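Only one structure is covered here, and it is reproduced in the block below.
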Amino acid sequence: MSSEELKLNVEKALEEIRPFLQSDGGDISLLSIENDKLVRVQLQGACVGCSVNQMTLKSGVEMTIKKYAPQIEEVVNFEV
């Protein structure tokens, strides 16, 4: 999978999970993909400071991204 295809697949994964985050007043944006293995995202809105945002990141976001792009090893949140 090329880097461009990888980015498109990660964006598709984020589009799948975004409605769930938005229903709770949050959102997510893709910041970067490093070495085709690490995805950096930024949780926004109500997701910032939420006590379960790490669980959401690992159980929801990371699992969904890995479904679309299995070579991704980790998803991390960039906190402001």
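Only a predicted model underlies this, so the values are computations on that prediction, with no experimental measurement involved.
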**Asked** Which other residues belong to the hydrophobic cluster containing Met55, where Ile, Leu, Val, Met, Phe, Trp and Tyr are joined when side-chain heavy atoms lie under 4.5 Å apart, directly or via other members?
**Response** Val52

**Asked** So Gln42 and Phe78, side-chain contact (heavy atoms from CB on, under 4.5 Å) or not? Walk me through it.
**Response** CA-CA 5 Å; Gln42 186 170 34; Phe78 177 77; 3.9 Å; yes

**Message:** Looking at Met63, I want to see if its CE is surrounded by more than 12 non-hydrogen atoms of other residues, nucleotides or ligands under 6.0 Å.
**Reply:** no

**Item:** Residue Lys7 excluded, over 12 heavy atoms near NZ under 6.0 Å
**Value:** no

Are [X] and [Y] close enough that some pair of their side-chain heavy atoms sits under 4.5 Å apart?
{"X": "Leu38", "Y": "Ile33", "answer": "no"}
{"X": "Val61", "Y": "Leu14", "answer": "yes"}
{"X": "Val41", "Y": "Val76", "answer": "no"}
{"X": "Lys37", "Y": "Gln71", "answer": "no"}

**Sidechain N-carboxylate O distance under 4.0 Å for Glu15, Arg18** = yes

Hey, could you give me the [atom1]/[atom2] distance between [X] and [Y], rounded to the nearest 0.5 Å?
{"X": "Glu34", "Y": "Glu73", "atom1": "CD", "atom2": "CD", "answer": "12.5 Å"}
{"X": "Asp24", "Y": "Cys50", "atom1": "CG", "atom2": "SG", "answer": "8.0 Å"}
{"X": "Lys12", "Y": "Lys67", "atom1": "NZ", "atom2": "NZ", "answer": "12.0 Å"}
{"X": "Ser3", "Y": "Leu8", "atom1": "OG", "atom2": "CG", "answer": "11.0 Å"}

Answer yes or no: is there a donor N or O on one side and an acceptor on the other, between the side chain of [X] and the main chain of [Y], under 3.5 Å?
{"X": "Asp27", "Y": "Gln44", "value": "no"}
{"X": "Asn53", "Y": "Cys47", "value": "yes"}
{"X": "Ser59", "Y": "Thr56", "value": "no"}

**Message:** Working note: Lys58 + Glu74, criterion side-chain contact (heavy atoms from CB on, under 4.5 Å); need CA distance, chi angles, decisive distance, verdict.
**Reply:** CA-CA 9 Å; Lys58 294 295 176 188; Glu74 187 177 15; 3.7 Å; yes

Heavy-atom pair with the smallest gap, counting every atom of [X] and [Y]:
{"X": "Asn77", "Y": "Leu43", "answer": "OD1-N, 2.8 Å"}
{"X": "Asn9", "Y": "Ala69", "answer": "CB-CB, 4.5 Å"}
{"X": "Thr64", "Y": "Glu16", "answer": "CG2-OE2, 3.8 Å"}

**Request:** Find out if a path of hydrophobic residues (ILVMFWY) with successive side-chain heavy-atom gaps under 4.5 Å connects Leu30 to Tyr68.
**Result:** no

